[in-house]
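Have a look at the structure below before the remarks.
The model shown is predicted, which means the values in this text are computed figures rather than measured ones. Proteins come first, then strands; the chains are lettered A, B, ... in the order of their sequence lines, and each starts at number 1.
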Amino acid sequence: MNREKLNFEINLVPMIDVLSACICFLLMTVVWTSLGSFSVQQSVGAVSESENLPVVTARMQSDGSLKINYKTESARPDPSADYSLKNTEGRINWAGLDKLVRELRIKSPVLRTAVVLPHNFAKYQDVISVMDIFRKNGISDVGISPL
Amino acid sequence: MRTGYLGSKLNHDSSFKTLNLGRVTRKTLVFSLSLTSLIDAFSILVIFLLIQLPSFETQKNLSEQVPSVSKLTELEKALRVRVSGDASTLKYYVEDKEVLTSQILQNIQSAKSLVIIADRNISFHLLSPIIQAAANAGIEKLQLAATPHKKSGGR
């Protein structure tokens, strides 16, 4: 058989066309949103009191107000201070909460732990936003309490 | 091999004419584009995008409803617990398997950490059974699926 006749060429242009069209379609339909997480460290079992580090609890009320308390009164830097936050138009006062948490951190720099106590009908977004504000102000261990 | 290129259709396309002091000079360019590597790269890209397609779809569905936070951490691999629907049509899923409220604990007992996926507008009392079950199962680390805040603010 003639060796020359065995040389043939596959026309690759249509294949490249199809592959390019496929890539364009797939790239255009891809969703570029990043799904991440907000990590929460829950306390399980008996908590050791030996370290004696302050812990604050943020109780969310149904009217949008918030009450922040120290778990142990001895850890409270200013016993006379009132750490409750009134609502604004039936919603949580986000700016006020941010300011309050910042003040708390200045008063007790060792404060690292906060537990959020939501009410029955608290919106999930609001619960996460409260925890987010604590985390943003340097309170690294934020927990959530079940009902 | 060289004969093969010269005898191909490319040979006609790969020639051009230049005018040189009134004389027509014909120069022939013999080149070969290696298309194999290009097709390889294209194929790999297509396969990758096709494999990722279901994951992108899931992310699209989830990102529309999960809450937003200012600082995200990477979503680690963990047991996924999803809450879907509102109070009247509430359903709990553990790794895409529908479970009753009373069955959540037994389904998550062996897990070390949980990823909770829920709608941002859901009431906390519908989410509480999962957190309670996680506490009962001794799970310390909870990951709440979220997206980053939009520029206008997520709240």
Search all heavy atoms of [X] against all heavy atoms of [Y] and return the closest pair with its distance.
{"X": "A:Leu19", "Y": "B:Ser43", "answer": "CD1-OG, 4.1 Å"}
{"X": "A:Phe121", "Y": "B:Ser123", "answer": "CD2-OG, 3.9 Å"}
{"X": "B:Leu49", "Y": "A:Ile23", "answer": "CD1-O, 4.4 Å"}
{"X": "B:Pro67", "Y": "A:Ile128", "answer": "CG-CD1, 3.5 Å"}
{"X": "A:Gln41", "Y": "B:Lys141", "answer": "OE1-CG, 4.3 Å"}

Where on [X] is there a heavy atom nearer than 4.5 Å to chain A: the side chain, the backbone, both, or neither?
{"X": "B:Ile130", "value": "neither"}
{"X": "B:Lys71", "value": "backbone"}
{"X": "B:Glu74", "value": "backbone"}
{"X": "B:Ile122", "value": "both"}
{"X": "B:Asp119", "value": "backbone"}

*Is it true that B:Phe124 and A:His119 have ring centroids separated by less than 6.0 Å?*
no
*Measure A:Ser20 against the heavy atoms of chain B and call it side chain, backbone, both or neither at under 4.5 Å.*
both
*Side chain, backbone, both or neither: which part of A:Met60 has a non-hydrogen atom closer than 4.5 Å to chain B?*
neither
*asked:* Whether the side chain of B:Thr73 engages the backbone of A:Ser37 through a donor-acceptor N/O pair (distance < 3.5 Å, no angle test) should be reported.
replied: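 Confirmed, B:Thr73 side chain pairs with A:Ser37 backbone.
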*Does B:His125 offer a backbone N or O that forms a donor-acceptor pair with the side chain of A:Asn120 under 3.5 Å?*
no
*CG on B:Leu45 to CG on A:Leu26, rounded to 0.5 Å*: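 Rounded to the nearest 0.5 Å, the CG-CG separation comes to 8.5 Å.
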*Going from NE2 on B:His149 to OG on A:Ser129, what distance comes out if it is rounded to the nearest 0.5 angstrom?*
5.5 Å
I'd like to know if [Y] and [X] are part of one continuous hydrophobic network [Ile/Leu/Val/Met/Phe/Trp/Tyr, side-chain heavy atoms within less than 4.5 Å].
{"X": "B:Leu79", "Y": "B:Tyr93", "answer": "no"}
{"X": "A:Val18", "Y": "B:Leu50", "answer": "no"}
{"X": "B:Leu127", "Y": "B:Leu105", "answer": "no"}
{"X": "A:Val101", "Y": "A:Ile106", "answer": "no"}

Hey, are the side chains of [X] and [Y] touching, using non-hydrogen atoms and a 4.5 Å cut-off?
{"X": "B:Leu142", "Y": "A:Phe38", "answer": "no"}
{"X": "A:Gln125", "Y": "B:Ser68", "answer": "yes"}
{"X": "B:Ile39", "Y": "A:Met15", "answer": "yes"}
{"X": "A:Arg135", "Y": "B:Val69", "answer": "no"}

*Got more than 12 heavy atoms from elsewhere within 6.0 Å of CZ, A:Arg59?*
no
*asked:* Using the side-chain contact (heavy atoms from CB on, under 4.5 Å) criterion, which residues pair with B:Ile44? Sequence neighbours excluded.
replied: none
*Heavy atoms only, distances under 4.5 angstrom: which of A:Leu12, A:Val127, A:Val40, A:Ile16 has the most pairs with chain B? Name it, please.*
A:Val40
